[in-house]
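Have a look at the structure below, then the notes.
Bear in mind that the values here come from a model prediction, so they are computed numbers and not experimental data.
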Amino acid sequence: YLGRTRSRARSVCEDEDADQVVKSLEAGKHVFVEKPLAITWDELDRVREAYAKMKTPRLLMVGFNRRFSPALQALRKDLAARIAPVIINYRLNAGYLPMDHWTQGPEGGGRNIGEACHMYDVFRSIARAPVASISATAIDPGAAAYKKNDNFVATIRYGDGSVGNLVYTASGPKEGMPKERIEVLCGGEAWIVDDFKTLTRCSDGKVLWSGGVDKGHFDELSSFGDAIINGAEAPIPVEEIFETSAVALHVEDLIHGRHDG
């Protein structure tokens with residue numbers, strides 16, 4: 001789809017500066033940028049300002065692919081009629097990366113900003129309500145070769161009363177434990193997404209979806225391409241993209257003690 005619309009859309013790599021996003025928006029282009037959208041508050045402000053100043057509406061899409069996974073689409077379908085808030089517990093066994101790995105530095109922004117933004121987008125897609133409050137705390141690594149922003153817990157409360165809790169750690173094993181597990185509880189029912197291979201409803205053990213690992217990349221790109229070609233609404237509302245990006249930056253501040261939240 002991006003190939004068919006290359007005159008109006010530009011793909012931007014994950015580790016490139018937010019300036020390219022700003023320049024693309026100022027040039028009137030549709031933009032698909034891999035996460036993260038911004039690694040500093042200043043970058044996020046500049047992207048927001050560039051988007052707000054566009055004379056002709058264009059799509060801004062960030063690679064938050066997990067919300068497009070078949071497991072989460074099936075989960076949201078089963079939750080469609082809910083009237084109670086949800087509790088979401090997301091455990092991410094990220095795997096250890098050396099302190100000097102590029103994702104830990106300015107290019108990647110660190111693993112909270114660079115990867116955990118995926119998890120905050122998942123919370124937002126399930127809660128379907130704006131963020132109301134954020135709290136976060138990290139390990140004290142002392143002399144150990146671990147970083148605070150890849151060993152932390154973040155809790156986000158949403159406007160409908162829902163709560164998302166993320167346990168992100170690089171301290172777990174590389175074998176014997178899946179990378180990602182999502183538990184959702186609501187109204188006397190519970191669902192488990194096991195590493196994006198299965199979605200199971202707990203009360204009756206029914207498997208609502210199963211397959212190979214599918215984190216939604218194909219549906220994400222297809223939805224973006226379709227929206228450009230058909231002049232449809234953005235697959236992810238831009239307000240949610242900005243909000244999720246701000247959540248990651250806020251969590252980063254909290255776990256490094258830069259303000260009280």
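- Side-chain atoms of Asp195 do not come within 3.5 Å of backbone N or O of Lys197 as any donor-acceptor pair.
- With hydrogens and angles disregarded, a donor-acceptor distance shorter than 3.5 Å links the side chain of Gln73 to the backbone of Phe68.
- The backbone N or O of Ile134 sits nowhere less than 3.5 Å from a side-chain atom of Arg157 that would complete a donor-acceptor pair.
- Looking at Val163 and Pro85, their side chains never come closer than 4.5 Å, going by heavy atoms from C-beta outward.
- With Phe152 as the fixed residue, the side chain to side chain contact (heavy atoms under 4.5 Å, CB included) test singles out one of Asn112, Thr137, Ile139, Leu254: Asn112.
- Look at Asp121 and Arg67 and you find a salt bridge, because one of the NZ, NE, NH1 or NH2 atoms lies within 4.0 Å of a carboxylate O, short of that distance.
- Between Trp209 and Leu75, every side-chain heavy-atom pair lies at or beyond the 4.5 Å cut-off.
- Linking Ile, Leu, Val, Met, Phe, Trp and Tyr whenever their side-chain heavy atoms come within less than 4.5 Å leaves Met119 and Val167 in two separate clusters.
- Atom CD1 in Ile156 sits 9.5 Å away from atom CD1 in Ile88 (nearest 0.5 Å).
- Less than 6.0 angstrom separates the ring centroid of Tyr96 from the ring centroid of Tyr146.
- Counting only distance, with no hydrogens or angles, the side chain of Asp150 and the backbone of Ala170 share no donor-acceptor pair below 3.5 Å.
- Minimum heavy-atom separation, Val31 to Ser24: CG2-CB, 3.4 Å.
- Here the CG atom belonging to Asp204 is positioned 9.5 Å from the OG1 atom belonging to Thr200, to the nearest 0.5 angstrom.
- Shown here for Cys117 and Thr244, the closest heavy-atom pair between the two residues is O-CG2, 3.4 Å.
- Taking every heavy atom of both residues into account, Pro235 and Ala227 meet most closely at CD-CB, 4.1 Å.
- With hydrogens and angles disregarded, a donor-acceptor distance shorter than 3.5 Å links the side chain of Glu43 to the backbone of Ile39.
- Val122 is connected to Leu79 through a chain of hydrophobic side-chain contacts under 4.5 Å among Ile, Leu, Val, Met, Phe, Trp and Tyr, so both are in one cluster.
- Interatomic distance, Asn165 CG to Thr155 OG1, rounded to the nearest 0.5 Å: 4.0 Å.
- The nearest pair of heavy atoms linking Gly159 to Ala132 is N-CB, 4.2 Å.
- Of the possible donor and acceptor atoms, one in the side chain of Lys35 sits under 3.5 Å from a partner among the backbone N and O of Gly114.
- Glu26 contributes no side-chain N or O that, together with a main-chain N or O of Ala50, makes up a donor-acceptor pair within less than 3.5 Å.
- Met177 and Val213 fall into different hydrophobic clusters, defined by Ile, Leu, Val, Met, Phe, Trp and Tyr side-chain heavy atoms under 4.5 Å apart, directly or through other members.
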Test log, rule side chain to side chain contact (heavy atoms under 4.5 Å, CB included), inputs Phe123 and Val131: CA-CA 10 Å; Phe123 291 163; Val131 170; over 6 Å; no
Test side chain to side chain contact (heavy atoms under 4.5 Å, CB included) applied to Leu199 and Val207, step by step: CA-CA 6 Å; Leu199 167 65; Val207 177; over 6 Å; no
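- Enclosure of atom NZ in Lys179 by more than 12 non-hydrogen atoms of other residues, nucleotides or ligands within 6.0 angstrom is indicated.
- For Glu180 and Asn93, the side-chain atoms include no donor-acceptor pair closer than 3.5 Å.
- There is a path of hydrophobic side-chain contacts, each under 4.5 Å, that joins Val22 to Leu59.
- Annotation for Ala84 and Gly187: closest pair CB-N, 4.4 Å, computed over non-hydrogen atoms.
- Under the 4.5 Å side-chain heavy-atom criterion for Ile, Leu, Val, Met, Phe, Trp and Tyr, Phe224 and Val238 are members of the same hydrophobic cluster.
- Applying the salt bridge (charged side-chain N to carboxylate O under 4.0 Å, His left out) test to Glu183 and every residue at least two apart in sequence or in another chain returns Arg181.
- In this structure, Leu44 and Thr40 have side chains that are not in contact, with every pair of non-hydrogen atoms separated by 4.5 Å or more.
- Counting only distance, with no hydrogens or angles, the side chain of Arg58 and the backbone of Lys29 share no donor-acceptor pair below 3.5 Å.
- Looking at every heavy atom in both residues, Ala190 comes nearest to Leu185 through CB-CG, 4.1 Å.
- Side-chain atoms of Asp160 and Ser162 include a donor-acceptor pair closer than 3.5 Å.
- Counting heavy atoms from C-beta outward, Ile113 and Asn149 have side chains that stay 4.5 Å or more apart.
- Here the side chain of Asn230 pairs no donor or acceptor atom with the backbone of Ala232 at under 3.5 angstrom.
- Using a 4.5 Å heavy-atom cutoff, the side chains of Leu97 and Arg111 are in contact.
- Contact of the Arg124 side chain with the Ile126 side chain is not registered, since no non-hydrogen atoms from C-beta on lie closer than 4.5 Å.
- Contact of the Arg258 side chain with the Glu252 side chain is registered, since non-hydrogen atoms from C-beta on lie closer than 4.5 Å.
- Ring geometry for Phe196 against Tyr90 counts as tilted: the plane angle lies between 30° and 60°, on a 0 to 90° scale.
- A salt bridge is defined here as a Lys NZ or Arg NE, NH1 or NH2 lying under 4.0 Å from an Asp or Glu carboxylate O, and Asp19 with Arg46 meets this definition.
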Leu166/Val153 under side chain to side chain contact (heavy atoms under 4.5 Å, CB included): CA gap, chis, key distance, verdict: CA-CA 6 Å; Leu166 171 63; Val153 176; over 6 Å; no
Audit row: Val47, Phe242, side chain to side chain contact (heavy atoms under 4.5 Å, CB included) steps and yes/no: CA-CA 9 Å; Val47 173; Phe242 290 145; 4.0 Å; yes
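- With 3.5 Å as the limit, one finds a donor-acceptor pair spanning the side chains of Glu115 and Tyr168.
- Ring-plane geometry between Trp41 and His250 is classed as perpendicular, the angle between the planes exceeding 60 degrees on a 0 to 90 degree scale with a lower cut at 30.
- Under the 3.5 Å distance criterion, the side-chain polar atoms of Ser69 are matched with a main-chain donor or acceptor of Arg66.
- Contact check for Cys202 versus Glu189: side-chain heavy atoms found under the 4.5 Å cut-off.
- For the side-chain hydrogen bond (donor to acceptor under 3.5 Å, both in side chains) test, residues two or more places apart in sequence or in another chain that qualify with Asp78 are Trp191, Arg201.
- Going from atom CD of Glu34 over to atom CE of Met61 covers 9.5 Å, rounded to the nearest 0.5 Å.
- Checking Thr169 against Asn151 by side-chain atom types alone, a donor-acceptor pair falls below 3.5 Å.
- Between the CZ atom of Phe218 and the OG atom of Ser223 there is a distance of 9.5 Å, given to the nearest 0.5 Å.
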